[in-house]
Amino acid sequence: MIPFTNFESRVAPLPVNNVDTDQIIPARFLKTVSKVGLDRQLFNDWRYDAEGNPKPDFILNQPRAKGAQVLLAGDNFGCGSSREHAPWALTQFGFRAVISTSFADIFKQNSLKNSLLPIVVPADVQAELFAAVAADPDAVVKIDLANQTLTTPAGRQVQFPVDGFSKHCLLEGVDELGYILQHEPEIAAYESRRIGSINTLA
């Protein structure tokens with residue numbers, strides 16, 4: 001993982017509610033343990049026709065989606081079964097954040113562990129963003145994780161929630177194991193004291 005930095009980006013709109021993880025990355029692509037290539041299977045059944053040709057009306061097949069690092073989703077994004085391949089596919093495509101009014105808990109946790117920031121916003125902010133992107137496909141949002149703020153194209157600054165531990169790991173660019181290793185000296189000192197206490201009692 002690399003440290004999560006502030007950024008601004010165009011937005012790829014996907015105004016669909018209740019997008020489940022099987023729509024994000026169909027189950028038949030879960031055999032791989034590698035992230036490489038999963039960007040090509042992202043939203044596979046919506047993105048390609050029966051012959052495997054890209055559907056021009058799907059957002060990820062449009063030029064406006066190229067380089068967009070933010071996916072603007074409908075309500076209840078990432079519901080359904082747990083699969084870490086879902087945030088893998090999204091990050092492999094280039095997304096660094098997903099905006100929605102709500103996320104499934106397991107998808108949210110899997111995302112935070114894979115440098116994908118799930119940003120929860122009120123319904124009026126979501127509607128404002130969809131309208132802004134419809135009016136101007138090149139409109140950008142700004143994301144500041146340290147201050148937990150999303151700035152809309154109109155300049156409206158919106159606070160979003162994120163738990164302290166996940167925020168720390170994202171900003172530091174570490175996973176849970178990396179976090180533990182950051183505290184190796186303290187762990188070693190504790191173990192040394194404990195062993196010393198046991199030896200004294202013996």
Side-chain angles (χ1 to χ4, degrees), residues 1-21 23-25 35 38-43 46-47 57-79 84-104 107-163 166-167 169-171 173:
M1 293 176 64
I2 60 174
F4 194 100
T5 55
N6 297 346
F7 71 99
E8 61 179 58
S9 171
R10 289 181 294 103
V11 176
L14 185 67
V16 182
N17 296 332
N18 304 313
V19 174
D20 66 36
T21 51
Q23 292 162 329
I24 298 171
I25 182 75
K35 302 176 184 179
L38 287 179
D39 55 314
R40 294 190 293 274
Q41 281 93 47
L42 178 64
F43 296 114
W46 292 351
R47 196 169 162 191
D57 59 338
F58 187 66
I59 182 61
L60 296 194
N61 296 329
Q62 298 173 7
R64 61 189 291 190
K66 188 175 182 180
Q69 299 179 73
V70 177
L71 179 67
L72 175 60
D75 306 330
N76 191 32
F77 188 81
C79 55
E84 202 166 10
H85 291 65
W88 286 1
L90 288 160
T91 56
Q92 286 295 296
F93 187 82
F95 290 121
R96 297 179 61 192
V98 181
I99 301 171
S100 176
T101 55
S102 59
F103 295 93
F107 172 82
K108 184 177 181 181
Q109 290 306 311
N110 283 338
S111 296
L112 290 167
K113 292 175 183 178
N114 285 280
S115 296
L116 180 67
L117 182 62
I119 298 177
V120 176
V121 297
D124 66 306
V125 175
Q126 180 195 48
E128 176 186 327
L129 290 171
F130 275 124
V133 174
D136 179 9
D138 291 324
V140 300
V141 296
K142 297 178 182 178
I143 294 173
D144 181 339
L145 174 58
N147 292 305
Q148 297 176 220
T149 58
L150 163 73
T151 304
T152 70
R156 179 182 180 184
Q157 200 169 77
V158 182
Q159 292 284 142
F160 60 83
V162 59
D163 71 271
S166 296
K167 177 180 175 179
C169 288
L170 284 169
L171 291 173

Q: Taking NZ in K142 as the centre, count heavy atoms belonging to other residues, nucleotides or ligands within less than 6.0 Å. Is the count above 12?
A: no
Q: Looking at V133 and P13, what are the two nearest heavy atoms and their distance?
A: CG1-CG, 3.8 Å
Q: Under the 3.5 angstrom rule, does the side chain of E8 hit a backbone N or O of I143 as a donor-acceptor pair?
A: no
Q: Side chains of N76 and F107, heavy atoms from C-beta outward: is any pair under 4.5 Å?
A: no
Q: With rounding to the nearest 0.5 angstrom, report the OG1 to CZ distance, T149 to R156.
A: 13.5 Å
Q: So how far is it from S111 OG to F77 CZ, rounded to the nearest 0.5 Å?
A: 8.0 Å
Q: Mind checking what makes salt bridge (Lys or Arg N to Asp or Glu O under 4.0 Å) contact with E84, not counting sequence neighbours?
A: none
Q: What distance separates T21 OG1 from H85 NE2, expressed to the nearest 0.5 Å?
A: 11.5 Å
Q: Please tabulate, for side-chain N and O atoms in residues 93-100, each donor-acceptor pair with protein atoms closer than 3.5 Å (sequence neighbours left out).
A:
from	atom 1	to	atom 2	distance (Å)
R96	NH2	T5	O	2.9
R96	NH2	T5	OG1	3.4
S100	OG	G74	O	2.6
S100	OG	S102	N	3.2
S100	OG	S102	O	2.9

Q: Less than 4.5 Å apart, side chain to side chain, heavy atoms only: is that true for S9 and V140?
A: no
Q: Is there side-chain contact between T151 and D144, with heavy atoms separated by less than 4.5 Å?
A: no
Q: Is any side-chain heavy atom of I59 closer than 4.5 Å to one of R64?
A: yes
Q: Provide the closest heavy-atom pair for Q148 versus K167 in the form atom of the first, atom of the second, distance.
A: OE1-NZ, 3.1 Å
Q: Determine the minimum heavy-atom distance between P153 and A132, stating which atoms define it.
A: CG-CB, 4.0 Å
Q: If you compare all heavy atoms of T152 against all heavy atoms of V141, which two are closest, and at what distance to 0.1 Å?
A: CA-CG1, 4.4 Å
Q: Heavy atoms only: give me the nearest L170-L112 pair and the separation to one decimal.
A: CD2-O, 3.6 Å
Q: To the nearest 0.5 Å, what is the distance between CG on L145 and CZ on F4?
A: 6.0 Å
Q: If you take all heavy atoms of V120 and F160, which pair is closest and at what distance?
A: O-CB, 3.7 Å
Q: To the nearest 0.5 Å, what is the distance between CG (D75) and CG (N17)?
A: 4.0 Å
Q: Is the shortest side-chain N to carboxylate O distance from D136 to R10 below 4.0 Å?
A: no
Q: Could you tell me whether the side chain of Q41 reaches within less than 4.5 Å of the side chain of L38, counting heavy atoms only?
A: yes
Q: Exactly one of L42, N114, D39, I24 should register a side chain to side chain contact (heavy atoms under 4.5 Å, CB included) with W88. Which one does?
A: N114
Q: Measuring from atom CH2 of W46 to atom CG of L60, what distance do you get when rounded to the nearest 0.5 angstrom?
A: 10.0 Å
Q: Side chains of L71 and F43: closer than 4.5 Å at any heavy-atom pair?
A: yes
